[in-house]
Amino acid sequence: MPITTRTSIIRSSPGRYETVEVELDDPRQSEVTVKLAASGLCHSDDHVATGDVPVGVYPYAGGHEGSGVITAVGPSTPGFAVGDHVVFSFLPACGRCEFCARGMSNLCDLGASLLTGARADDPSSFRMHLDGEPVGQQCGISTFSEHTTVSIDSVVKIDKSIPLRSAALIGCGVPTGWGSAVKSANLEPGDTAIVMGIGGIGVNALQGAAHAGATTIIAVDPVATKEDWAKQFGATHFCTSIEEAAEHARSITNGQGADATIVTVGVVEGEHIGEALASIRKAGTVVVTGLGDITAVGAPIALGDLTLMQKRLQGSLFGESNPRKDIPNLLRMYQAGQLKLDELVTSTYTLDQVAEAYDDMHAGRNLRGVVVFD
């Protein structure tokens with residue numbers, strides 16, 4: 001029989017998150033129910049609320065970055081047990097499709113269902129209901145919820161010694177930012193890197209750039225008070241505009257520019273991509289990680305510059321990370337003191353404060369807000 005649980009939803013878009021009580025399905029085969037410990041407040045969920053990212057059904061329960069403890073396991077679901085600690089991966093990985101076989105499980109075919117709100121194998125089947133009507137699950141997991149039922153393709157078991165509040169951030173923001181620098185930008189020791197946008201993704205791109213050995217790491221954000229945060233996570237310089245950052249990069253590279261610029265702006269527009277392309281050297285790389293209106297088309301790119309300077313424009317989903325490989329690896333780095341997680345949590349909130357948390361994000365008052373459950 002379904003249980004009831006409290007979750008934060010938007011009823012329409014544009015809209016604000018509000019907490020309601022929903023009916024939650026018991027787990028079926030290959031599903032588990034998880035009691036949430038913590039959920040990160042990623043900008044992607046705000047994109048859903050503003051309408052930048054349209055979804056398949058409303059109401060829609062938000063949250064896609066979290067951790068918790070399994071409370072129920074579906075029938076004939078080996079490998080999972082009640083009491084297991086897990087991190088959610090907002091990108092499911094089936095392990096069987098062509099892209100999983102290629103080692104590119106961030107592009108797993110199951111990703112096609114992420115914004116439908118329904119089960120991946122049945123677009124008419126929903127795990128949450130409000131007053132008898134379907135409630136969509138963000139990325140099939142909806143971590144703004146005291147309990148959630150999900151596919152095992154979307155969870156990764158972790159060591160019980162790892163604090164769940166910090167582990168929650170490994171489900172999206174940390175691998176996305178870190179991988180954007182290490183994997184997508186292919187930064188190397190001695191490189192010069194620019195990171196545009198210092199939020200929950202940008203600071204992890206700074207961590208990744210530092211880990212890769214970049215010696216000049218320029219953080220860019222119009223909110224000057226973020227400078228201390230940026231330098232805490234690896235920035236060597238801080239600028240309030242990309243023009244200033246590009247000029248500094250050229251001044252230390254004999255006029256060439258940055259080896260890579262990573263775009264992690266909260267709401268990406270075409271002009272950001274054009275500015276980033278102008279900031280890199282010949283054969284340099286622009287990595288576009290942030291989202292804006294996903295239906296928008298066009299960017300002011302100098303086509304001659306792209307071709308004749310042999311520049312590379314690279315999209316990055318989840319930092320090209322493999323959930324089942326990179327989530328455990330990043331947690332091992334955290335345990336070894338090589339990755340900052342605790343320091344990322346600058347504000348904590350209750351489930352009833354999700355809308356307030358996004359107000360704080362827009363005002364630049366938090367780096368990564370986290371909903372903490374009792």
Side-chain angles (χ1 to χ4, degrees), residues 43-44 46-47 50 52 176-177 179-181 183-187 191-206 208-209 212 214 216-227 229-231 233-317 319 361-362 364:
H43 205 134
S44 296
D46 186 60
H47 285 307
T50 62
D52 284 344
T176 297
S180 293
K183 297 172 179 283
S184 300
N186 294 312
L187 288 170
D191 276 355
T192 294
I194 296 173
V195 178
M196 293 174 63
I198 306 306
I201 305 299
V203 290
N204 287 297
L206 296 175
T216 302
I217 304 171
I218 308 168
V220 182
D221 200 285
V223 180
T225 55
K226 291 186 177 182
E227 180 172 0
W229 281 336
K231 291 187 174 178
F233 288 93
T236 59
H237 299 79
F238 185 89
C239 299
T240 56
S241 72
I242 182 60
E243 293 81 9
E244 179 187 358
E247 181 55 36
H248 181 73
R250 286 190 287 268
S251 75
I252 61 173
T253 58
N254 195 31
Q256 292 297 314
D259 296 284
T261 293
I262 303 167
V263 183
T264 56
V265 175
V267 181
V268 175
E269 298 179 355
E271 65 184 51
H272 296 124
I273 298 171
E275 292 166 343
L277 199 73
S279 72
I280 59 172
R281 61 165 169 80
K282 291 182 285 188
T285 300
V286 169
V287 176
V288 183
T289 304
L291 286 173
D293 179 352
I294 63 172
T295 66
V297 176
I301 293 172
L303 298 181
D305 186 41
L306 181 67
T307 302
L308 299 177
M309 297 297 108
Q310 199 174 303
K311 295 182 178 182
R312 179 169 171 254
L313 182 59
Q314 171 71 54
S316 183
L317 176 63
M361 183 196 72
H362 286 294

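In this text, all values refer to a predicted model and were calculated from it rather than measured experimentally.
Between Ala209 and Leu187, the closest heavy-atom pair is CB-CD1, 3.7 Å. In this structure, Val268 and Gly290 approach most closely via the heavy-atom pair CG2-C, 3.4 Å. Closest approach of Thr261 and Ser279 over heavy atoms only: OG1-OG, 2.7 Å. The shortest heavy-atom contact between Ala249 and Ile194 is CB-CD1, 4.2 Å. Gly202 and Val195 make their closest contact through O-CG1, 3.7 Å (heavy atoms, listed as atom of the first residue, atom of the second, distance).
Here the OG1-NZ distance, from Thr236 to Lys231, works out to 8.0 Å after rounding to the nearest 0.5 Å. Rounded to the nearest 0.5 angstrom, Arg312 CZ and Ser184 OG are separated by 7.5 Å. One distance of note links OG1 of Thr289 with CD of Gln314; it measures 9.0 Å at 0.5 Å rounding. With rounding to the nearest 0.5 Å, the separation of CG in Asn204 from OG1 in Thr176 is 8.5 Å. Distance check, rounded to the nearest 0.5 Å: NE2 of His237 to CD of Glu244 gives 10.5 Å. The distance from atom CG of Leu291 to atom OG1 of Thr264, rounded to the nearest 0.5 Å, is 11.5 Å.
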- Query: Under the side-chain hydrogen bond (donor to acceptor under 3.5 Å, both in side chains) criterion, do Thr192 and Thr253 qualify, and how do the steps go?
  - Reply: CA-CA 8 Å; Thr192 294; Thr253 58; over 6 Å; no

- Message: Show, in sequence, the C-alpha distance, side-chain angles and deciding distance for Thr285 and Asp259, and conclude whether the side-chain contact (heavy atoms from CB on, under 4.5 Å) test is met.
- Response: CA-CA 7 Å; Thr285 300; Asp259 296 284; over 6 Å; no

- Please step through side-chain contact (heavy atoms from CB on, under 4.5 Å) for the pair Leu206 and Ile198, ending with a clear verdict. CA-CA 9 Å; Leu206 296 175; Ile198 306 306; 4.1 Å; yes

Would you mind writing out the side-chain donor-acceptor pairs for residues 293-310 within the sub-3.5 Å range, not counting sequence neighbours?
residue	atom	partner	partner atom	Å
Asp293	OD1	Thr295	N	2.9
Asp293	OD1	Thr295	OG1	2.6
Asp293	OD2	Thr295	OG1	3.4
Asp305	OD1	Lys311	NZ	3.3
Asp305	OD2	Lys311	NZ	2.9
Thr307	OG1	Leu303	O	3.3

List the atom pairs, with distances to 0.1 Å, where a side-chain N or O of residues 270-277 and a protein N or O form a donor-acceptor pair under 3.5 Å, not counting sequence neighbours.
residue	atom	partner	partner atom	Å
His272	ND1	Glu269	N	2.9

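Between His43 and Val267 there is a side-chain heavy-atom pair separated by less than 4.5 Å.
Not a single donor-acceptor pair under 3.5 Å links the side chain of Asp191 to the backbone N or O of Ala193.
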